[in-house]
2 protein chains.
Amino acid sequence: MRRAHHPATEDVALTEVMAALSDPVRIGLLRVLADGGERGWGELRAPVAKSTLSHHLRVLRDAGVTRTRQEGTRCYVRLRRADLEARFPGLISAVLAAADADEVGSGVGLAAEAS
Amino acid sequence: MRRAHHPATEDVALTEVMAALSDPVRIGLLRVLADGGERGWGELRAPVAKSTLSHHLRVLRDAGVTRTRQEGTRCYVRLRRADLEARFPGLISAVLAAADADEVGSGVGLAAEAS
DNA sequence: CCCCTTGTTCGATGTTCGTCGAATGTCGAA
DNA sequence: TTCGACATTCGACGAACATCGAACAAGGGG
């Protein structure tokens, strides 16, 4: 269960980031993580099975969009916003603004959040 | 052969645009069309078969990224930059800047272009 | 030690995608 | 009208993807 495999900032590929961000669930996760804060895995709520959520988080991580930290049996995820901003200036902000306006991935949220 | 089917500006979906722009060939087409000028089909050069190029142009058109105009037996394609800018401010510019920096889709070009 | 929680991985399934060659439709020119 | 250029569509293929349930590690707590 120990595979981390975060790509280095310079190895983040545009096409992979675009592909990672072309799914509503993953866009939703991006929005939840938009403030830069760290979120616990169990905090995340998405309308998919546990294994599917794990898969989506893996896609985001492999593409270089998020960073995952493990602490004991729990793990925490956060957006690699500074890295992405350095690599593709303005891209994440534009995607976030567009996603907010369109309410893409609104099915994704946090546990203690008023719907 | 008469199907146009360009989505209205307000019907352009973020996830579809992101998916359309997650392929190197289509990113290359975006770069070729970046200046807003109209390009003839036959002008376009890409390292794929004719039918595959047609497919990629269709994906871009269906996603609302480009607009295709038919004149006799030839057709011309152009970027819907103003529409996209209105719908998703800053997105296309950010993608173009990132693509230029990374030289994504550099295999795509125009006929009379020095390689 | 046993078990429960937590997140990943596995196997399976149905869908979508990128790619090609071939066939088709559409138009202008001879 | 016949021919050729041009672009789309069709049919097919393997690869990749989204999704699920179940099985599997890795720790923490009783």
Walking DNA chain D from its 5' end, the first of A/V48 and B/L57 to be reached, judged by nearest nucleotide, is B/L57
*Are A/R87 and A/E10 within salt-bridge range, i.e. N to O under 4.0 Å?*
no
The nucleotide from C/dT8, D/dA7, C/dT19 with an atom nearest the side chain of A/K50 is C/dT8
Partner of B/V12 under side chain to side chain contact (heavy atoms under 4.5 Å, CB included), picked from B/D83, B/V65, B/V17, is B/V17
Against the side chain of A/H55, the closest entry in C/dT19, D/dA18, C/dT8 is D/dA18
Between CG of A/L60 and P of D/dC17 the distance, given in whole Å, is 13 Å
Rounded to whole Å, CD of B/E71 lies from P of D/dT8 at a distance of 14 Å
note: A/L44, atom CG; C/dT6, atom C1'; distance rounded to Å ~ 13 Å
Separation of D/dA7 atom C1' from B/L53 atom CG, nearest Å, is 10 Å
Between A/S51 and A/D23, whichever has its closest DNA chain D nucleotide further toward 5' is A/D23
*If you count the non-hydrogen atoms of other residues, nucleotides and ligands that lie under 6.0 Å from CZ in B/R69, is the total more than 12?*
yes
Notebook entry, point to check: Do the side-chain N or O atoms of A/T73 get closer than 4.0 angstrom to the phosphate oxygens (OP1, OP2) of C/dT6?
Noted result: no
Tested for side chain to side chain contact (heavy atoms under 4.5 Å, CB included) against A/Y76, the lone hit among A/E71, A/R67, A/R39 is A/E71
In whole angstroms, the gap separating P of D/dC6 from OH of B/Y76 amounts to 11 Å
>> Any base atoms under 4.0 Å from A/H56, or only sugar-phosphate, or nothing? Heavy atoms, all strands.
In response: sugar-phosphate
Check your understanding: Taking atom types as modelled, is there a side-chain donor on B/H56 or B/R26 under 3.5 Å from an acceptor on the other?
Key -> yes
To the nearest angstrom, the CZ-C1' distance between B/R69 and D/dA7 comes to 15 Å
Is there a side-chain polar atom (N or O) of B/R58 under 4.0 Å from OP1 or OP2 of D/dT9?
yes
When rounded to whole Å, the CD to P distance for the pair A/Q70 and C/dT6 reads 14 Å
Quick one: is B/R26 getting a side-chain N or O under 4.0 Å of the C/dG18 phosphate, OP1 or OP2? yes
* Closer than 4.0 Å, any side-chain N/O of B/T52 to the OP1 or OP2 of C/dC20? -> yes
Side-chain N or O of A/W41 versus OP1/OP2 of C/dT8: is the shortest distance under 4.0 Å? yes
To the nearest angstrom, the CD-C1' distance between B/E16 and C/dT16 comes to 13 Å
